[in-house]
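To start, the structure itself, in structure tokens.
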Amino acid sequence: MKAISYSRYGGPEVLEYGERPDPKVGPDAVLVEVRAASVNPVDWKCQAGYLDGMMEAVFPVVPGWDVSGVVVRPGVSVTEFAEGDEVMGYVREDFLSRGTFAEYVAAPVRTLARKPRTLGFEESAALPLVGLTAYQALHQALAVRPGDTVLVHAAAGGVGSMAVQIARHLGCRVIGAAREAGLDRVAELGAEPVLYDEATFADEVRALAPLGLDAVLDTIGGPFLRISAGLTAPAGRLASIADGEVLALGGRYFWVRPDPVDLAALADLVDDDVLSVRVARTFPLERAADAQRANAAGGLNGKVVVTVP
């Protein structure tokens, strides 16, 4: 099969397009013919070696965790999926090697769900990681409830835009922090926008939530995480997906986990017109390096997706 891979840590320049062995399909996995895979910052951070202390890399590594495609062969013990099923997945294992930037991927069934009926393959590939991160952080790490006032950081971004929509569906009032270019998107999603400005941020949030925030979802870390910790109500909850300092601030450091039930719930939210997914740019598989560069540059109003003919 054709795939993207890298044999050493580095930037987009280490990516190679060429032949790789076809995946072997274990008893609890299915072989997926990949139609699309989306780019996430964690992909190029892993590739650069930033997570080397956490995740072993078995070179050569095929990058990518998000996928959408069609089941072509179920493993011998699989009853959840059959040949021809259209699926999406967050195909993360506990090591780096067998990713989704390829024509085929052997995906454990615990990482998959049927893709939304109302989405194409490109949009479906853009959903799993960001959607699961937002969904699990709100439900598990923050345990938000109807009536809560929730601050979402980078609310126009991938995880943030999902979190705004999900929190509003759960009956929360949402304040969305963003740079100038993202404020209109935050308002479009139904949140109350607040500009990132260290001099004014705390006062603007306090004006909107004078009794304090019930929950804060941090996706950027740094000074705005520390500012947010001082804006919570006495029983307020704080969680970060970006900065371990949250533990010292009394919050929770959260890492998303593959979960087929949660993935199916996201698909239902999409099909029920609760959750929208936006793709900003697409690149063919052989241009995965350019897709990474576009994702790392930021400023896009949606996800970057790699397509596989």
Side-chain angles (χ1 to χ4, degrees), residues 38 40-43 45 51 54 65-66 88-90 92 110-111 113 126-178 182 186 189-192 194 205 209 212-222 224-229 231-233 235-270 274-277 303:
S38 77
N40 295 287
V42 71
D43 297 325
K45 291 178 181 179
L51 275 69
M54 178 187 298
W65 286 341
D66 276 342
M88 65 175 182
Y90 171 46
R92 174 173 66 78
R110 65 180 177 83
T111 68
L127 176 60
L129 186 149
V130 294
L132 280 176
T133 301
Y135 187 89
Q136 293 176 357
L138 291 170
H139 281 87
Q140 299 173 21
L142 293 170
V144 299
R145 300 178 292 270
D148 279 352
T149 297
V150 180
L151 171 64
V152 175
H153 281 283
V159 174
S161 62
M162 295 291 112
V164 169
Q165 296 175 80
I166 294 168
R168 292 193 68 244
H169 176 66
L170 294 172
C172 300
R173 177 194 177 199
V174 183
I175 299 170
V186 172
L189 292 169
E192 299 168 59
V194 174
V205 174
L213 300 163
D214 298 299
V216 177
L217 176 56
D218 168 64
T219 62
I220 60 171
F224 289 101
L225 168 62
R226 294 189 287 273
I227 294 170
S228 300
L231 300 173
T232 57
R237 290 91 66 200
L238 176 67
S240 178
I241 65 168
D243 194 336
E245 186 183 356
V246 69
L247 298 171
L249 297 170
R252 179 173 173 183
Y253 190 39
F254 184 78
W255 187 274
V256 64
R257 174 180 291 178
D259 188 298
V261 176
D262 291 347
L263 266 178
L266 288 170
D268 288 341
L269 290 176
V270 170
V274 169
L275 198 59
S276 64
V277 182
K303 293 291 297 292

I'd like to check the side chain to side chain donor-acceptor pair (under 3.5 Å) partners of [X]; sequence neighbours left out, ordered by chain and number.
{"X": "R226", "answer": "E245"}
{"X": "S228", "answer": "H153"}
{"X": "N40", "answer": "D66, K303"}
{"X": "D218", "answer": "S240"}

> Does the pair L225 and V216 meet the rule for a side-chain contact (heavy atoms from CB on, under 4.5 Å), with working shown?
Replying inline: CA-CA 9 Å; L225 168 62; V216 177; 5.9 Å; no

> For the atom pair CG (L127) and OG (S276), what is the distance rounded to the nearest 0.5 Å?
Replying inline: 10.5 Å

> Got a second to check how far D43's CG is from L129's CG, nearest 0.5 Å?
Replying inline: 7.5 Å

>> If you define the side chain from C-beta out and look only at heavy atoms, does anything of Q165 sit under 4.5 Å from L189?
In response: yes

> Is there side-chain contact between V194 and L151, with at least one heavy-atom pair below 4.5 Å?
Replying inline: no

> Among pairs that include at least one residue of residues 155-171, which meet salt bridge (Lys or Arg N to Asp or Glu O under 4.0 Å), considering only residues two or more places apart or in two chains?
Replying inline: none

Using atom types as modelled, flag every donor-acceptor pair under 3.5 Å from a side chain in residues 137-148 to any protein atom, sequence neighbours excluded.
residue, atom, partner, partner atom, Å
H139, ND1, Y135, O, 2.9
D148, OD2, R145, N, 2.8
D148, OD2, R237, NH2, 2.9

>> Using the ring-ring contact (aromatic ring centres under 6.0 Å, His included) criterion, which residues pair with F224? Sequence neighbours excluded.
In response: Y196, F201

> Who pairs with H169 by ring-ring contact (aromatic ring centres under 6.0 Å, His included), at least two apart in sequence or on another chain?
Replying inline: none

>> Minimum heavy-atom separation for A134 and I166, please, with both atom names.
In response: CB-CD1, 4.1 Å

>> Looking at every non-hydrogen atom in both residues, tell me the closest pair between A209 and R173 and how far apart they are.
In response: CA-NH1, 4.5 Å

Name the atoms and distances for all side-chain donor-acceptor pairs under 3.5 Å in residues 246-266, with sequence neighbours left out.
residue, atom, partner, partner atom, Å
D259, OD1, V261, N, 2.9
D259, OD1, D262, N, 3.0
D262, OD2, Q136, NE2, 3.1

> Considering residues at least two apart in sequence or located in another chain, which fulfil the side-chain contact (heavy atoms from CB on, under 4.5 Å) criterion with A155?
Replying inline: V152, V164, V186

> So, does D214 use its side chain to make a donor-acceptor pair with the main chain of T149 at under 3.5 Å?
Replying inline: yes

